[in-house]
Amino acid sequence: MHKANRQTLAVSGALASLLFLGGCGAEEASTTTPAATATQDTAEADERVADAEAKATEAEDRATEAEQRAEEAEERIAELEAEAEAKADAEAEAEAKAADEAEADTEVVAEPEPEPEPEVPEPKANSGQSSMSLSQQNALGSARDYLEYTAFSRTGLIEQLEFEGYSNADATAAVDSLNTDYNAQAAKAAQDYLDYSSFSRSGLIEQLMFEGYTAEQATYGVDQTGL
């Protein structure tokens with residue numbers, strides 16, 4: 001009776017061991033496939049993150065270029081203001097010197113004072129400018145300074161004036177009063193880009209459109225470079 005029980009227990013133990021090993025194998029087999037799937041999903045997610053980071057970097061580069069151009073324009077305006085101030089000082093000094101010389105001549109020989117010439121009103125350079133407010137006239141002066149330094153699209157110049165603190169209405173009125181040839185501005189901007197970097201034809205057209213030029217203006221500008 002004891003032998004029969006021990007044999008039964010031995011067989012039961014062996015069966016239990018086989019079932020346990022079989023269960024472990026099934027568990028290992030069942031966990032292999034989800035892990036591989038998770039690895040593949042992670043790789044795809046990494047690729048998407050890399051693409052997003054590349055696009056963000058490109059956008060940051062464009063924003064940096066725009067900021068750099070704005071800083072250069074501000075520096076140029078400061079230079080123009082300094083030159084104007086120096087010129088005004090020189091003119092004032094010349095007038096003072098001329099006044100001193102005239103006074104000295106008068107002391108030596110008293111000459112009769114000439115009759116004053118009748119005042120002739122100066123013609124207005126721009127009849128539309130007289131109807132502009134003081135703020136719009138200031139915006140107009142700033143717009144001219146910017147265009148003397150570098151090329152701008154219509155929307156780009158309006159945005160630059162708004163960045164300087166002018167309202168959209170004043171900036172728009174000032175820019176539209178200039179009658180600027182934006183095809184020529186696009187050609188100048190396209191050449192400026194090619195002077196310091198390489199572009200494909202379509203890439204340069206897209207860059208000009210990003211700056212605010214219309215598709216027709218951008219295409220015309222790139223055509224003038226021969227690209």
Side-chain angles (χ1 to χ4, degrees), residues 59 62-92 95 117-197 199 203-227:
R62 290 183 176 180
T64 300
E65 291 177 1
E67 291 176 357
Q68 183 178 2
R69 291 185 66 184
E71 290 176 358
E72 292 174 351
E74 290 177 358
E75 291 176 358
R76 177 55 180 165
I77 290 174
E79 292 176 0
L80 292 173
E81 291 177 349
E83 292 175 0
E85 184 176 354
K87 183 178 180 181
D89 292 341
E91 290 177 352
E95 290 177 357
E117 296 181 358
E119 296 183 359
V120 178
E122 297 181 358
K124 296 181 179 179
N126 185 352
S127 59
Q129 186 173 349
S130 61
S131 62
M132 298 176 69
S133 66
L134 178 60
S135 179
Q136 290 173 346
Q137 292 180 23
N138 290 336
L140 177 60
S142 296
R144 285 173 176 165
D145 290 339
Y146 277 119
L147 290 175
E148 287 179 2
Y149 172 70
T150 188
F152 277 92
S153 65
R154 178 180 180 274
T155 57
L157 185 53
I158 290 174
E159 289 175 357
Q160 182 61 36
L161 292 176
E162 288 180 331
F163 178 79
E164 294 294 332
Y166 294 102
S167 67
N168 178 266
D170 290 343
T172 301
V175 171
D176 289 344
S177 69
L178 290 174
N179 297 322
T180 304
D181 184 355
Y182 291 106
N183 281 334
Q185 292 293 309
K188 182 179 179 181
Q191 189 60 53
D192 288 343
Y193 275 116
L194 291 177
D195 286 343
Y196 75 85
S197 184
F199 282 88
L204 186 52
I205 290 174
E206 290 179 359
Q207 181 62 33
L208 291 177
M209 293 176 65
F210 177 78
E211 294 291 337
Y213 295 98
T214 65
E216 292 77 8
Q217 292 167 354
T219 302
Y220 175 87
V222 173
D223 286 343
Q224 303 313 301
T225 66
L227 185 62

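The model shown is predicted, which means the values in this text are computed figures rather than measured ones.
Taking OG1 of T150 as the start and NZ of K188 as the end, the distance is 6.0 Å to the nearest 0.5 Å. Annotation: the span from Q136 atom CD to L140 atom CG amounts to 9.5 Å, rounded to 0.5 Å. Note that CD of Q137 is 9.5 Å distant from OG of S177, once rounded to the nearest 0.5 Å. Between the CD atom in E216 and the CE atom in M209 there is a gap of 8.5 Å [rounded to 0.5 Å]. Remark: L194 CG to Q191 CD distance equals 5.5 Å, nearest 0.5 Å. Between S133 atom OG and D170 atom CG the span is 5.0 Å, to the nearest 0.5 Å.
For residues 171-180, the salt bridge (charged side-chain N to carboxylate O under 4.0 Å, His left out) pairs, not counting sequence neighbours, are R154-D176. Each side-chain hydrogen bond (donor to acceptor under 3.5 Å, both in side chains) pair with one or both residues in residues 156-165, not counting sequence neighbours, appears once here: Y146-Q160, Y146-E164, Q160-E164, E162-N168.
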Donor-acceptor contacts, no H, no angles, side chain residues 179-187, under 3.5 Å, sequence neighbours left out:
{"residue": "D181", "atom": "OD1", "partner": "N183", "partner atom": "N", "Å": "3.2"}
{"residue": "D181", "atom": "OD1", "partner": "A184", "partner atom": "N", "Å": "3.4"}
{"residue": "Q185", "atom": "OE1", "partner": "F152", "partner atom": "N", "Å": "3.0"}

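Checked against ring-ring contact (aromatic ring centres under 6.0 Å, His included), F199 has the following partners two or more places apart in sequence or in another chain: Y193. In this structure D145 satisfies the salt bridge (Lys or Arg N to Asp or Glu O under 4.0 Å) test with no other residue, sequence neighbours excluded. Residues that satisfy the salt bridge (Lys or Arg N to Asp or Glu O under 4.0 Å) test with D192, not counting sequence neighbours, are absent from this structure.
Scanning both residues, A174 and M132, for their nearest heavy atoms gives CA-CE, 4.1 Å. Counting all heavy atoms, side chain and backbone alike, G221 lies closest to A190 at O-CB, 3.8 Å. Contact detail for Y166 and S135: the closest heavy-atom pair is CE2-O, 3.7 Å. Nearest heavy atom pair, residue A189 against residue A151, reads N-CB, 3.8 Å. When all heavy atoms are compared, the tightest approach of I158 to A171 is O-CB, 3.9 Å.
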